[in-house]
Chemist: 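This is the structure, below, for whatever I ask next.
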Amino acid sequence: MRVSDTADLWWKNAVLYCLDVETYMDWDDDGTGDFPGLVQRLDHLVDLGVTCLWLMPFYPTAERDDGYDITDFYGVDPRLGTHGDVVELIRTAHDRGLRVIVDLVVNHTSDQHPWFKESRRSTDNPYRDWYVWRSDTPPDTSDQVVFPDQEDSIWELDEKTGEYYLHQFYKTQPDLNVTNPLVRDEIAKIVGFWTQLGIDGFRMDAVPFLLDTAGTSTAEADRLPDPHAYLRDIRAFLDRRTNGGILLGEVNLPFDEQLEFYGGTDGDELTMQFDFIGMQATYLSLARGDAGPLARALTGRPATAPESQWATFVRNHDELTLDKLTEDERQEVFAAFGPEPEMQIYDRGLIRRLPPMLGGDPRRIRLVYSLLFSLPGTPTIFYGEEIGMGEQLSVGSRLAVRTPMQWTSGTNGGFSRARASRLPGPVVTGGYGPEFVNVADQRKDPDSLLTFFRLLIARRKECPELGWGSFEVLDQPHTAVLAHLCSWDDGALLALHNLGAEPVVVPVALDGCGAEHLLADLLVEGTTALDERGRAEVPLEGYGFRWLRVVAPGTRRLL
Ligand code: GLC
């Protein structure tokens with residue numbers, strides 16, 4: 001791959017930003033965020049430097065899972081806007097150089113979807129086979145449910161016909177039957193519809209569940225011979241319909257299985273996948289003040305096709321899942337960052353945001369984001385992270401982190417002028433409320449977290465080696481320190497992060513470098529000389545970090 005390829009494989013060097021239109025900005029003051037409000041705030045996102053928006057579901061919904069229970073895949077929730085508003089958003093975003101991807105939630109529909117209403121009517125209804133039904137008594141599946149607080153089986157008896165339907169998530173979210181060719185055709189139409197409106201790809205919900213066709217009542221012969229062939233089909237279809245559209249998949253599985261969802265090293269299935277393992281290891285490393293777990297996770301990533309890419313994150317819209325840690329490791333993270341029962345959910349995750357978990361310590365908060373933006377992969381942020389929003393624990397569910405965006409210190413954090421009771425959920429109260437944490441104040445403050453985010457993102461974009469390059473963890477003696485080098489083409493970036501509270505001096509030795517090379521700080525002023533064997537001693541404060549560009553003689557890069 002050469003420099004000239006970066007524009008086409010745009011996701012390799014992107015910065016993604018996830019938001020829910022419902023909670024972002026309310027422009028008509030009815031209490032619900034809307035597309036016109038988001039359009040008004042695009043310049044905040046441009047200013048921040050993100051390059052691609054991921055919109056959480058904005059389709060008509062029964063609202064039993066915050067929009068992930070869709071009643072019309074081709075529609076727009078009227079509270080949020082119209083198709084016209086969506087097109088204006090896409091058009092305006094593109095005008096500002098921002099791409100837009102949208103959630104594709106086709107593992108299931110809402111039980112209020114007209115297809116399911118038909119399907120449950122009778123066993124011979126034409127839509128019966130759009131869902132997964134069984135007539136025999138299902139086995140105990142209580143260990144397979146995703147939301148153990150509400151469900152104890154993935155099968156639900158439907159009184160009318162006396163059969164059971166499959167629902168991997170809530171019982172109000174019956175699973176579609178992708179072994180049915182009509183369902184597959186319909187999914188393709190959904191993909192085609194939104195791409196025709198100009199979107200740049202999809203965040204694909206619950207991909208392993210979508211492909212899992214065990215339990216389908218369809219005759220053996222009609223089953224998907226190879227579920228991955230179906231994923232390849234979707235990708236190929238998207239490729240034909242778009243110029244560089246991506247599939248960013250939610251696949252929370254061990255790395256070797258994730259590789260299969262990329263299509264192995266052919267890279268012809270999902271374009272990107274979230275790195276859930278790296279995210280969980282980050283928290284374990286932070287809890288221990290030991291970079292080891294994170295280093296092992298990063299070096300444990302399987303090799304992929306050059307087009308494939310990991311999406312890195314430290315927070316998303318769901319519970320901060322710790323399901324891939326061992327029980328002891330999970331308890332360590334709980335003890336460090338969420339010791340109270342009301343901070344935990346499903347025995348596997350936390351419903352907190354990062355700043356409160358780190359006790360508001362600005363050094364550690366910045367350390368984490370410096371890591372996020374310097375790790376190999378494509379950083380993905382969840383709205384509000386850029387200003388250090390906290391959670392509203394009293395919400396008591398995953399929604400604790402989906403509170404209205406905090407724009408100003410005023411009423412409702414400037415999100416809406418409607419009465420508080422009309423908002424989708426409470427605005428954060430307490431020390432992380434809008435009075436203390438908001439965009440308007442941080443925009444003008446050179447020392448704010450928002451200003452720091454802008455710097456990280458701007459520098460990150462100048463370092464294609466982070467998204468594209470080879471990655472190596474360097475040997476050095478401090479367990480608290482992660483020293484990593486990303487190299488690609490004529491660039492190399494050495495990043496040092498000290499996860500411990502004690503200051504350290506990190507000896508580094510760079511192969512192939514000598515006294516003619518320099519290390520130039522990218523986040524602050526400063527250069528460090530290397531000796532004739534490419535060695536230097538770099539001091540780091542407690543929780544300190546440095547981004548050091550390895551400068552070759554005669555470089556023309558901006559330093
Ligand atoms: C994914 C989403 C989650 C949703 C679930 C069911 O895991 O991230 O928010 O509840 O799918 O659609």
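Counting convention: from 1, in listed order, for ligands and their atoms alike. This chain uses plain numbering: 1 for the first residue, then up along the sequence.
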Chemist: Number the atoms of ligand 1 from 1 as they appear, then name those within less than 4.0 Å of a heavy atom of R402, with their elements.
Modeler: 9 (O)
Chemist: When you measure from the heavy atoms of R64 to every atom of ligand 1, does any distance fall below 4.0 Å?
Modeler: no
Chemist: Only heavy atoms of D318, strictly under 4.0 Å: list the atoms of ligand 1 that pass.
Modeler: 2 (C), 3 (C), 7 (O), 8 (O), 9 (O)
Chemist: Name the closest protein heavy atom to atom 1 (C) of ligand 1, giving the residue it belongs to and the distance to 0.1 Å.
Modeler: D205 OD1, 2.7 Å
Chemist: So, does N252 use its side chain to make a donor-acceptor pair with the main chain of F276 at under 3.5 Å?
Modeler: no
Chemist: Give a yes/no on ligand 1: does E319 have at least one heavy atom closer than 4.0 angstrom to it?
Modeler: no
Chemist: Using a strict threshold of under 4.0 Å (side-chain N to carboxylate O), is an ion pair present between E163 and R128?
Modeler: yes
Chemist: Identify, for atom 7 (O) of ligand 1, the protein heavy atom at the shortest distance, and state residue, atom and that distance.
Modeler: E250 OE2, 2.8 Å
Chemist: Please could you name the atoms of ligand 1 that F147 approaches to less than 4.0 Å, counting only its heavy atoms?
Modeler: 10 (O)
Chemist: If only side-chain N and O atoms count, and only distance matters, is there a donor-acceptor pair under 3.5 Å linking Q392 with T403?
Modeler: no
Chemist: Q406 side chain to V437 main-chain N or O, any donor-acceptor pair under 3.5 Å?
Modeler: yes
Chemist: Can you name the atoms of ligand 1, numbered from 1 with element, that are less than 4.0 Å from a heavy atom of R398?
Modeler: 3 (C), 4 (C), 9 (O), 10 (O)
Chemist: Are any side-chain N or O atoms of Q168 and backbone N or O atoms of F209, one a donor and one an acceptor, separated by less than 3.5 Å?
Modeler: no
Chemist: Is atom CG of D185 surrounded by more than 12 heavy atoms (other residues, nucleotides or ligands) closer than 6.0 Å?
Modeler: yes
Chemist: Can a donor-acceptor pair be found between the side chains of W133 and S119 at a distance below 3.5 Å?
Modeler: yes
Chemist: Taking 4.0 angstrom as the limit and counting only heavy atoms of H108, give me the atoms of ligand 1 inside it, by number and element.
Modeler: 6 (C), 12 (O)
Chemist: Write out the residue and atom name of the closest protein heavy atom to atom 10 (O) of ligand 1, then the distance separating them to 0.1 Å.
Modeler: D65 OD2, 2.6 Å
